[in-house]
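Sequential numbering from 1 along the given sequence is applied to the chain's residues. Nothing here was measured: the structure is a model prediction, and the numbers come from that model.
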Amino acid sequence: MSSVEVKLSAQKPPSFYTRAVRSFLEGLPEKDGKPAKAAVDTVVLSALGNAINAAVQTACTLEKEEVAVVMSVKTKFVSVLGPAKRSPNITIVLKRKGAVSKLSGSTAVTTKTTKPFEGQKPGTSGLRKKTKVFMEENYLNNFIQCTFNALKEDGVKVEGGTLVVSGDGRYYNPTAIQTIIKMAVANGVKTIWVGQDGLLSTPAASAVIRNREGGFVPFGGFILSASHNPGGLDEDFGIKFNCENGGPAPEKVTEAIFTGTKSISEYKICSGFPDIDIKTPGCYLVEGIRVDVFNCTDDHVQLLSKCFDFEAIKKLIARKDFSFVYDSMNGVQGPYAKRVFVEELGAEESCLMNAVPKEDFGGKASPSHGHADPNLTYAVELTAKMGINKSGERVGDPSTVPDFGAAADGDADRNMILGKQWFVSPSDSLAIIAANSKCIPFFKEGLKGCARSMPTSGALDLVAKKKKIPCFVTPTGWKFFGNLMDSGDELYFPGKTSYVPFLCGEESFGTSSNHVREKDGMWAALAWLQILASKNKDDKKPLVTVEDITKAHWKEYGRNYYCRYDYEGVEKGADELMAGLKEKLKDLEGKEMKGMKIKTAENFAYNDPVDESVSANQGINIIFEDGSRIVFRLSGTGSSGATIRLYLEKYEGPKGNIDDSAFEVVKPLAELALEISDLPNLTGRSSPTVIT
């Protein structure tokens with residue numbers, strides 16, 4: 001652990017805290033059978049009201065003794081219980097003196113001329129292109145400068161501020177990080193935070209922004225990732241900006257960035273600023289500029305430990321009749337998986353699969369072909385281990401199959417949940433977590449809101465209706481959930497209804513809560529382990545399995561048979577297909593096709609209940625009278641060509657046939673969808689690239 005937070009109380013003298021903090025910064029030797037404790041690099045002192053004096057005295061004493069260096073002091077008023085309602089708060093960041101290094105270098109700013117590049121428009125998950133495109137001279141620089149310009153124009157305090165820069169470890173990340181650091185300094189940033197080895201999972205980056213050094217210190221962060229897309233010199237690279245709440249930049253910011261890229265003529269950089277050793281944790285100072293390199297797992301794992309009952313999960317894992325595996329797919333999740341499952345929960349390291357991050361996620365020679373995407377098509381090692389094929393069907397001998405399996409994608413925001421020879425669809429997973437939410441400590445007071453993306457099945461809606469929880473249907477893109485999470489927050493949307501604690505998810509293997517402002521693959525796996533732990537408290541009784549939990553859910557709520565067809569890298573016909581569908585909408589309503597009558601057909605638009613913005617053209621949604629659905633949407637996560645996503649859903653009530661294969665049940669809908677859209681003729685595609 002590279003950092004700890006100490007909350008001071010006026011009930012104890014400053015000398016008590018001075019001794020305690022000194023022990024953290026210097027470490028403790030082995031004594032009386034107790035293991036030695038290594039020194040930490042950072043201690044954050046947090047104090048309210050009368051305890052502020054103790055925090056100040058502790059910091060001053062340790063700095064005078066040359067044990068620590070005071071790096072920052074922040075004061076603010078915070079809400080408290082009681083008649084006062086508000087109290088002064090102080091946060092003091094101390095660095096172990098031995099962890100602070102002064103480097104030689106220059107902070108002189110150079111302005112360099114450039115010219116615009118076409119197509120630097122951020123999608124729902126930032127800007128994604130082929131790696132070689134980002135490596136072209138000034139391509140990355142232009143986008144970074146336009147982001148800083150857009151933030152300054154929006155009133156963000158970039159100058160003198162703190163910035164997070166890290167990514168998923170893919171090829172070109174280390175070089176890009178050094179470039180961004182130099183440009184950040186040139187644009188006035190005073191402090192830069194970098195995860196060790198340049199690594200931060202996307203949910204961890206959100207956690208760092210929201211929680212590190214007392215919370216909400218940075219004005220945002222650059223996340224270098226193309227998510228589940230393959231990495232490598234000949235593959236994909238990506239970058240996106242997350243704001244001060246830890247969530248993706250809103251459309252007004254991404255639009256301003258794109259507008260800037262079309263006319264940019266110069267960018268700023270400190271070419272003489274030294275390259276930072278991002279492999280070694282520490283605090284690096286250059287002419288008043290501070291760059292912190294820190295353990296990439298600390299902040300996220302500390303946050304997760306507050307969301308879940310680790311002791312209960314630890315007991316589940318210790319059961320002799322329970323086994324599990326976790327596949328990080330050679331993405332950024334590896335260090336987090338080891339920290340959580342092995343170091344925190346006591347599992348054997350053998351439970352970890354592909355836990356070493358690689359710049360190409362294993363490359364084309366790997367079973368996943370370097371496609372770190374946790375689904376039945378690409379997570380082939382995990383599915384084989386769990387006894388199912390790419391259609392989710394049981395294969396092989398169940399006796400050697402683990403009871404639980406999960407996987408994460410390249411940047412660890414996505415998840416896939418499996419039981420023994422059993423696949424849980426992302427839509428069902430979201431609904432089952434909602435139905436069992438009270439066993440998760442984070443939700444112990446009950447959910448106040450939930451949401452799903454429009455293409456996601458309506459399984460969540462059924463749970464929300466029964467439990468009387470407000471449920472929202474949003475466009476695809478995690479940023480749309482952010483407003484709902486921040487609704488009622490005095491900093492963002494005061495006076496609005498609060499929906500936290502909040503649960504949300506997408507059919508694209510994304511699930512999370514309001515603990516961060518991103519989907520969180522590790523959170524989803526722990527949520528399932530918490531549910532399993534709650535249903536298996538008595539180790540003398542037979543194990544309640546993932547399959548048992550899923551089938552019990554269907555018997556109560558019915559089953560939403562669901563499937564998604566992905567047509568990836570479509571070079572022709574995608575825009576024509578969507579335009580044609582829009583023209584057909586009026587004629588489709590009321591039409592009967594193959595014994596099924598269309599009830600409504602719409603081009604989905606979202607009226608945000610929080611900021612009252614309108615997002616149009618979010619996908620074609622065709623609903624039949626029996627509740628079945630066909631949805632068409634173009635994805636914004638590819639780096640080249642278009643990805644057409646076709647979503648198919650058919651509902652069966654609790655007393656109906658709920659044990660069939662989802663892939664077979666929705667086939668008639670797929671045939672209808674192809675007939676309505678004329679997809680094969682327009683695109684030249686006879687079959688999807690991926691079916692999930």
Side-chain angles (χ1 to χ4, degrees), residues 2-3 41-42 66 68-72 93-114 131 134-145 147-148 151 158-200 205 208 212-213 217-224 237 239 241 266-296 298 357 359:
S2 64
S3 66
D41 293 339
T42 307
E66 298 189 344
V69 179
V70 176
M71 302 307 299
S72 67
V93 177
L94 301 176
K95 292 286 183 181
R96 179 171 59 86
K97 188 169 184 180
V100 178
S101 302
K102 291 186 178 181
L103 304 180
S104 59
S106 172
T107 56
V109 178
T110 301
T111 300
K112 295 195 174 185
T113 58
T114 187
T131 304
F134 268 97
M135 294 173 70
E136 292 177 19
E137 185 179 8
N138 293 343
Y139 191 91
L140 173 67
N141 306 67
N142 280 19
F143 188 78
I144 297 302
Q145 186 61 59
T147 302
F148 283 131
L151 293 172
V158 173
E159 295 183 0
T162 298
L163 176 73
V164 179
V165 186
S166 288
D168 61 12
R170 68 180 56 230
Y171 186 87
Y172 193 56
N173 264 22
T175 301
I177 287 170
Q178 301 293 348
T179 298
I180 295 170
I181 290 173
K182 292 174 170 61
M183 291 190 67
V185 175
N187 278 274
V189 177
K190 187 176 181 181
T191 304
I192 299 139
W193 293 350
V194 183
Q196 187 177 1
D197 293 316
L199 299 178
L200 277 179
V208 165
R212 190 170 181 81
E213 293 193 1
V217 173
F219 62 81
F222 286 106
I223 301 176
L224 309 184
F237 190 82
I239 185 168
F241 184 80
E266 63 182 32
Y267 66 84
K268 297 178 180 179
I269 191 168
C270 291
S271 301
F273 198 85
D275 282 355
I276 300 298
D277 177 10
I278 61 174
K279 292 184 176 296
T280 306
C283 176
Y284 301 93
L285 301 178
V286 183
E287 294 186 0
I289 303 299
R290 167 184 151 205
V291 181
D292 283 357
V293 179
F294 57 92
N295 184 296
C296 67
D298 278 354
E359 64 181 16

(message) side chain to side chain contact (heavy atoms under 4.5 Å, CB included) for D277 and Y284? Distances and angles first, verdict last.
(response) CA-CA 9 Å; D277 177 10; Y284 301 93; 4.1 Å; yes

Contact summary for [X] and [Y], nearest pair of heavy atoms:
| X | Y | value |
| --- | --- | --- |
| V194 | I177 | CG1-CG2, 4.3 Å |
| P274 | G105 | CD-CA, 3.9 Å |
| Y139 | F134 | CD2-CA, 3.7 Å |
| S166 | G195 | OG-N, 2.8 Å |
| G169 | L199 | CA-CD2, 3.4 Å |
| F273 | K182 | O-CE, 3.1 Å |

Atom pair [atom1] ([X]) and [atom2] ([Y]), whose distance is rounded to the nearest 0.5 Å:
| X | Y | atom1 | atom2 | result |
| --- | --- | --- | --- | --- |
| I239 | I223 | CD1 | CD1 | 10.0 Å |
| D298 | Q196 | CG | CD | 9.5 Å |
| D41 | N295 | CG | CG | 9.5 Å |
| I192 | I276 | CD1 | CD1 | 8.0 Å |
| M183 | K112 | CE | NZ | 10.5 Å |
| I289 | T191 | CD1 | OG1 | 7.5 Å |

(message) Pairing donors with acceptors under 3.5 angstrom, does anything connect the side chains of K95 and T42?
(response) yes

(request) Have a look at Y267 and tell me which of N187, N138, T110 forms a side-chain hydrogen bond (donor to acceptor under 3.5 Å, both in side chains) with it. (result) N138

(message) Quick check against the 3.5 Å criterion: does Q145 have a side-chain atom that pairs as donor or acceptor with the backbone of K268?
(response) yes

(message) For V293 and T280: C-alpha separation, side-chain torsions, deciding distance, then whether side chain to side chain contact (heavy atoms under 4.5 Å, CB included) applies.
(response) CA-CA 7 Å; V293 179; T280 306; over 6 Å; no

(message) Can you confirm whether P218 sits close enough to L163 that some side-chain heavy atom of one is under 4.5 Å from a side-chain heavy atom of the other?
(response) no

(message) Can you confirm whether L200 sits close enough to V164 that some side-chain heavy atom of one is under 4.5 Å from a side-chain heavy atom of the other?
(response) yes

(message) Using ring pair (Phe, Tyr, Trp, His ring centres under 6.0 Å), reason through F148 and F222 one step at a time and then give a plain yes or no.
(response) CA-CA 11 Å; F148 283 131; F222 286 106; 5.7 Å; yes

(message) One thing to verify: whether R290 and E213 come together as a salt bridge, which I'm taking to mean a side-chain N less than 4.0 angstrom from a carboxylate O.
(response) yes

(request) Go through the steps to decide whether M71 and L285 satisfy the test side chain to side chain contact (heavy atoms under 4.5 Å, CB included), and finish with yes or no. (result) CA-CA 11 Å; M71 302 307 299; L285 301 178; 3.9 Å; yes

(message) Set out, in order, the CA-CA distance, both residues' side-chain angles and the distance that settles side chain to side chain contact (heavy atoms under 4.5 Å, CB included) for M135 and T175, then state yes or no.
(response) CA-CA 10 Å; M135 294 173 70; T175 301; over 6 Å; no

